[in-house]
2 protein chains.
Amino acid sequence: MKSDHILSNICQYISLSPVEKDYFLSLLEEENLSKKEFLLSQGESCNHIYFVNSGILRAFHINQEGKDSTVMFAVKDWWITDMHCFLNVLPSMVNIQVVAPCSVLKLSKNNLDKLYDEIPRFNKFFRILMQNAYCREQLRTIQNLSLPALERYEQFIKKYPHIANAVALKQIASYLGITPEFLSAIRAKND
Amino acid sequence: MKSDHILSNICQYISLSPVEKDYFLSLLEEENLSKKEFLLSQGESCNHIYFVNSGILRAFHINQEGKDSTVMFAVKDWWITDMHCFLNVLPSMVNIQVVAPCSVLKLSKNNLDKLYDEIPRFNKFFRILMQNAYCREQLRTIQNLSLPALERYEQFIKKYPHIANAVALKQIASYLGITPEFLSAIRAKND
DNA sequence: TTAAAAAAATAAGATATATTAAGAAATTGA
DNA sequence: TCAATTTCTTAATATATCTTATTTTTTTAA
């Protein structure tokens with residue numbers, strides 16, 4: 001199992017002994033996925049949190065009218081799940097689908113709970129992870145509310161250039177909350 | 001200092017000995033604020049996180065064009081700050097203003113860091129707090145992207161009836177990302 | 001390599017939401 | 001209590017964004 005990325009991700013914030021590292025790794029499972037595969041489907045229960053070793057994933061919600069809204073992208077070194085459903089054992093609100101072939105490490109809710117018991121320091125790690133996720137999400141809310149579509153697009157490609165280059169424009173439009181046609185139009189106007 | 005609310009808020013998730021409770025309380029400061037006072041102003045550095053004993057606060061961002069976007073409301077038992085600025089010691093992106101007279105307990109960044117050192121269990125508490133905040137924010141993002149204004153309004157008053165009753169309609173409009181005039185119009189159409 | 005499928009661009013017409021302006025209602029503060 | 005201020009409503013016009021349809025370009029898979 002490819003574990004170097006996840007260990008350095010964690011050891012940015014907490015230190016682990018060799019024994020603890022081994023214990024942690026024993027709770028993980030590796031999974032390899034090809035393009036368009038689903039890691040999670042809306043309505044299913046969501047029992048795992050995923051760490052991305054390589055590749056790109058997209059989490060998106062489909063509403064009653066069939067409209068596709070991108071919740072997040074995840075690339076190398078990101079964690080992804082439907083957090084609300086994962087934590088509260090509820091049916092998922094989102095789909096998670098492979099955009100570019102992935103290697104992920106999955107951690108089940110049960111194993112995460114064990115991990116907190118065995119190595120309480122992981123509370124600190126996930127606190128920091130959740131803090132960062134919350135701050136990112138809040139900044140996105142502010143920008144969604146206060147900026148017009150073109151500026152949201154510009155902020156997105158500035159903040160996530162690697163993602164912007166790797167995913168379809170219509171998926172970026174879906175992240176920004178606009179139609180692909182409109183994104184096309186505002187891009188054309190500004191060249 | 002009125003400490004019963006904050007202690008029961010914390011002891012929902014972690015247990016504290018009497019000594020630990022006292023130590024924690026020794027790190028807090030009470031503040032009483034009247035309507036329209038600012039707890040934090042955009043551009044200022046944000047050194048505290050606030051727990052609301054009573055009253056209502058509103059966090060909002062003013063963009064370059066002067067448009068007001070409400071980031072969050074906080075009522076009894078909520079925590080509020082500009083989290084990103086608080087954690088990273090950056091100038092605040094938001095204002096926090098009193099909507100209804102408040103009693104708050106403030107905890108400084110320095111004291112929070114001390115607290116993590118002295119009682120590492122607080123990592124668990126803030127992990128859960130941040131998890132909940134992240135999930136709420138993510139749900140809001142999904143709704144902002146996928147629902148039209150009227151449905152976002154209906155969800156808001158359903159989810160936060162006490163807030164909806166206590167704050168100005170134009171502040172709800174600002175939370176929803178629409179103008180007060182438009183909120184008026186869609187409310188009128190649906191009565 | 002090529003046919004098929006998917007994505008992107010373009011454009012016309014439709015709709016949701018914003019802007020401006022004015023008057024009515026509610027709240028505030030002296 | 002009352003004048004002043006703020007908030008809410010209404011309505012006309014303006015604008016951002018969507019919808020639908022078509023064509024072009026790119027990607028995919030056999």
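These figures come from a predicted structure and were not determined experimentally. Lettering follows sequence order; numbering is per chain, from 1.
A donor atom on one side chain and an acceptor atom on the other are found under 3.5 Å apart for Ser92(B) and Asp82(B). Between the side chains of Glu181(B) and Ser184(B), not a single donor N or O lies within less than 3.5 Å of an accepting N or O. In this structure, a donor-acceptor pair under 3.5 Å is present between the side chains of Ser103(B) and Asn53(B).
Comparing dT7(D), dA18(C), dA8(C) by their nearest atom to the side chain of Ser184(A) picks out dA8(C). Side-chain proximity of Glu181(A) to the nucleotides dT28(C), dT17(C), dA11(C) is greatest for dA11(C). In the set dT9(D), dT7(D), dT17(D), dT17(D) carries the atom at the smallest distance from any side-chain atom of Phe182(A).
Put simply, Thr179(A) has a side-chain N or O that comes within less than 4.0 Å of OP1 or OP2 on dC18(D). Applying the 4.0 Å criterion to OP1 and OP2 of dT28(D), one finds that Lys35(A) has a side-chain N or O inside that range.
The OH atom of Tyr153(A) sits 17 Å away from the C1' atom of dT17(D) (whole-angstrom rounding). Nucleotide dC18(D) holds its P atom 14 Å from the CD atom of Glu65(A), rounded to whole Å. Note: CD1 (Ile172(A)) to P (dA7(C)) measures 13 Å, nearest angstrom. Residue Gln171(B) contributes atom CD, which lies 10 Å from atom C1' of dT7(D) at whole-angstrom precision. Rounded to an integer number of Å, the gap from Lys170(B) NZ to dT19(C) P is 14 Å. The nearest whole Å value for the distance from the CG atom in Leu147(A) to the C1' atom in dA18(C) is 16 Å. Spacing between atom CG of Leu183(B) and atom C1' of dT19(C) amounts to 16 Å, rounded to whole angstrom units. Between the C1' atom of dT17(C) and the CZ atom of Arg152(B) lies a distance of 10 Å, rounded to the nearest Å.
If Arg187(A) and Ile178(B) are placed on DNA chain C by their nearest nucleotide, the residue sitting closer to the 5' end is Arg187(A).
Across all strands, Ala188(A) comes closer than 4.0 Å only to sugar-phosphate atoms, never to a base (heavy-atom distances).
Using a 30° and 60° split on the angle between ring planes, Tyr175(B) and Tyr160(B) fall in the perpendicular class, above 60°. A perpendicular orientation is assigned to the rings of Phe122(A) and Phe125(A), their planes being inclined by more than 60° (bins at 30° and 60°).
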